[in-house]
Amino acid sequence: MNQKNEEDLYAMRHSLAHIMATAVQHLWPEAKFGVGPVVQNGFYYDVDLGPTALSEVDFEKIESEMRKIIKENQPFVRSERSIDDAIGWADERNQPYKHELLNDLKRAGTTIAKDLDVNELGLAASGDAALDVVSFYTNGDFEDLCRGPHVASTGVVGAFKLMRVAGAYWRGKDTNPQMQRLYGVAFATQEDLEEHLRLLEEAKKRDHRKLGKELDLFTFSELVGAGLPLFTPRGTLLREKLAGYAEQLRRQGGFARVSIPHITKTDLYKVSGHWDKFGDELFLVQSQETSDSFALKPMNCPHHNQIYASQPRSYKDLPIKYFETTTVYRDEKTGELGGLSRVRSITQDDSHAYCQIEQVEQVVQGLVKDVRAIYDEQLGMPLRARLSFRDESNKYLGDPVLWEQAQATIRELAQSNELDYFEAEGEAAFYGPKIDFMASDALGREHQVATIQLDFVQPERFELEYIDVDGQAKRPVMVHCALLGSIERFLSVYIEHTAGWFPFWLAPEQIRILTINDTVLPYVEKITSILSGTILNEPVKYNELRFSVDDRNESLGKKIREATAMKIPVQIIIGPKDVAAEEVSVRTQQGEQKLPLDELAGFLRTL
RNA sequence: GCCGACAUAGCUCAGUGGCUAGAGCGGCUGUUUUGUAAACAGCGGGUCGUGGGUUCGAAUCCCUCUGUCGGCUCCA
């Protein structure tokens with residue numbers, strides 16, 4: 001889309017937000033308005049209707065009122081007021097939220113709210129200068145504080161549809177009142193809108209929760225609890241192969257596997273600093289034997305630190321690298337759980353490298369290489385790198401000079417590796433900056449997968465040391481890394497990325513032999529003994545073939561249908577003709593081909 | 001945790017105060033041994049998520065809890 005069209009679309013969507021607000025004001029005159037920006041594919045407006053709860057049954061009413069306003073073709077008229085007049089305007093109309101925004105504009109020239117882009121409503125404010133004059137837009141009987149731009153009149157706003165209503169805290173703070181956010185999508189033409197709705201339907205088919213059920217990968221149980229996925233044999237194979245690959249890369253990078261218990265005395269987290277920061281998200285475990293209180297581990301680093309601390313370390317030993325695929329447990333708020341993207345039992349392919357500050361670059365570089373090996377080379381998943389840096393708040397621990405140095409190192413590495421990166425202030429962990437790698441799900445929502453994090457705080461708190469060349473004890477720096485991240489969350493994105501068609505080396509069931517009748521069974525045994533003796537070594541070493549035989553008394557058509565529904569990458573069809581010719585009929589997504597039996601193993605190794 | 005919606009057979013769904021709650025697929029049994037995306041017939045299968053309430057009568061209306069979905073907030 002060219003820039004002109006994009007600007008037009010923006011103005012349309014923004015104008016529709018005003019039109020929706022106009023309709024809401026007609027229907028609920030007591031409505032108090034928050035903000036109404038343009039978002040991806042559409043717009044929203046936050047409204048406070050007091051005790052009135054909106055639901056989707058109200059959409060028809062609102063949409064029909066909107067259509068009325070559109071039909072009237074009301075011009076959008078810009079006007080200006082001094083900031084004090086504007087505040088008076090807000091008070092007269094009993095609009096406390098607008099009053100608050102205007103106050104901020106008056107004071108600081110910006111509306112420092114996380115979910116707001118000043119561009120959406122905040123006039124040309126950079127945040128440093130107080131404003132004297134603000135602009136308004138009027139259409140019909142509705143007037144709103146707004147920078148614009150808008151379309152000329154309500155008649156030219158393209159095609160739209162209200163999608164959903166959701167609660168949203170005023171200015172994104174959970175201590176503020178909750179408003180009702182009305183979401184709509186909007187496009188230049190009806191065809192574009194329908195295309196968008198069709199894409200949403202397509203995305204639903206790839207939804208990992210739906211595919212998880214259809215492909216028999218994982219399940220949930222009300223008795224076990226929310227956010228606690230149970231992996232079936234197929235799902236477990238998928239996890240194991242992925243984790244195995246991540247482990248193989250780690251071993252090549254010099255990481256040694258360690259193993260820790262899943263609980264600990266809570267003292268561990270009092271030392272690490274996690275208790276103060278995340279204590280309310282710990283699952284607590286009470287011993288019946290001692291007075292100690294325990295917790296399920298919510299992360300692995302403090303445990304690993306104790307392995308590091310178990311003996312004196314020399315600079316000659318560094319970097320010391322530990323690795324483990326293990327599950328952590330976090331008592332996430334119930335409303336935040338969803339599918340595999342957000343769970344309470346989280347399996348991480350977690351590693352910790354302890355190194356000298358001068359070694360950080362080299363360690364991180366090795367891990368970036370691993371990230372690329374998995375996502376670029378093997379899986380073909382595009383990632384965006386988020387450089388998560390500190391902001392000005394005081395929630396971060398550690399020496400600010402070290403922080404600056406580390407953030408600079410990270411930026412350089414992002415540049416030298418030509419990552420598709422952006423910087424995000426305020427996204428750092430409390431102990432250090434990080435590179436978070438983000439992948440998108442079927443609906444385009446971004447999820448963090450891989451992460452590489454620097455940490456200056458835990459070595460200090462656990463008094464980790466090594467003896468340097470000068471005989472002095474020094475603090476190592478920790479580099480945390482998960483390549484897959486949470487395997488659960490990784491799978492949620494990856495299942496949607498592939499729509500369930502996993503590459504051959506990963507597929508839980510790689511091959512299914514479909515028989516045409518029972519006369520071929522002795523020949524099928526010859527095939528299965530070949531398959532049993534064939535082992536893949538790329539990209540995961542010693543990967544035995546996983547196959548099954550469908551010799552049920554069913555039609556071939558049905559067997560093909562079911563194998564395809566299960567997205568089994570290789571179907572081998574065996575009938576009397578194949579037996580006679582000493583061949584196999586191999587069906588893949590690319591089509592079907594006949595192969596001499598003795599070429600089967602070689603062919604499979606090329607997949 | 002907050003706001004809104006939803007929960008009927010293994011799966012996908014119909015049934016919005018009134019007879020014994022239905023369909024398709026899957027399952028089981030029998031027949032059929034089949035060459036490229038669903039053979040045919042028969043038979044099973046549900047305390048309508050849980051607990052309470054309203055009513056002569058509740059899958060259907062109200063409340064609680066559990067779980068799910070869309071957002072918000074949070075994410076070591």
*So, is the end of the A/Lys321 side chain (NZ or CZ) under 6.0 Å from the ring centre of A/Phe255 and within 45° of the ring's axis?*
yes
*Touch check for A/Arg330, heavy atoms < 4.0 angstrom, all strands: base, sugar-phosphate only, or nothing?*
base
*For A/Lys270, look at atom NZ and say whether over 12 heavy atoms of other residues, nucleotides or ligands are found less than 6.0 Å away.*
yes
*Give one of base, sugar-phosphate or nothing for A/Gly338, where a contact means two heavy atoms less than 4.0 Å apart.*
sugar-phosphate
*Going by an N to O cut-off under 4.0 Å, is there a salt bridge joining A/Glu214 and A/Lys205?*
no
*What's the CZ-C1' distance between A/Arg512 and B/A37, to the nearest Å?*
13 Å
*Taking the side chain of A/Leu556 as heavy atoms from C-beta outward, which of B/C72, B/G35, B/C74 is closest to it?*
B/G35
*A/Glu336 has a side chain; which of B/A37, B/U73, B/A76 sits nearest to it?*
B/U73
_Please determine whether the number of non-hydrogen atoms from other residues, nucleotides or ligands lying under 6.0 Å from atom NZ of A/Lys567 exceeds 12._
yes
*asked:* Nearest whole Å is fine: how far is B/G70 C1' from A/Arg181 CZ?
replied: 13 Å
*Which one, B/C69, B/A76, B/G4, comes nearest to the side chain of A/Ala53?*
B/G4
*What about A/Tyr44, does its side chain sit under 3.5 Å from the base of B/G71 through a donor-acceptor pair?*
no
*Counting heavy atoms from C-beta on, name the nucleotide in B/A39, B/C3, B/A76 closest to the side chain of A/Gln178.*
B/C3
*asked:* Which nucleotide, if any, forms a Watson-Crick or G-U wobble pair with B/A38, using both distances under 3.5 Å?
replied: none
*In Watson-Crick or G-U wobble terms, both distances under 3.5 Å, what is the partner of B/C56?*
B/G18
*Hey, is A/Phe278 stacking on B/A76? Ring centres under 5.5 Å, planes under 30°.*
yes
*Base, sugar-phosphate alone, or nothing: which one does A/Glu214 contact when heavy atoms must sit under 4.0 Å apart?*
nothing
*With respect to the side chain of A/Asp518, which nucleotide from B/U33, B/A76, B/G1 is positioned closest?*
B/U33
_Nearest-Å distance for atom pair OH/P, residues A/Tyr169 and B/G4_ = 11 Å
_Distance under 6.0 Å and angle within 45° of ring axis: A/Arg13 vs A/Phe187_ = yes
_Under 3.5 Å on both distances, the Watson-Crick or G-U partner of B/C48_ = none
*At under 4.0 Å between heavy atoms, what does A/Gly575 touch on the DNA or RNA strands: base, sugar-phosphate, or nothing?*
base
*Counting only Watson-Crick or G-U wobble pairs whose two distances fall under 3.5 Å, which nucleotide matches B/C6?*
B/G67
*Identified pairing partner of B/C43, criterion: Watson-Crick or G-U wobble below 3.5 Å*: B/G27
*Decide whether a cation-pi geometry holds between A/Arg384 and A/Phe422; the criteria are a distance under 6.0 Å from NZ or CZ to the six-membered ring centre and an angle within 45° of the ring axis.*
yes
_My understanding is that a pair needs two contacts under 3.5 Å, Watson-Crick or G-U wobble. By that rule, which nucleotide pairs with B/C72?_
B/G1
*For A/Glu554, report the nucleic acid contact type (base, sugar-phosphate, nothing); a contact means any heavy atom under 4.0 Å.*
base
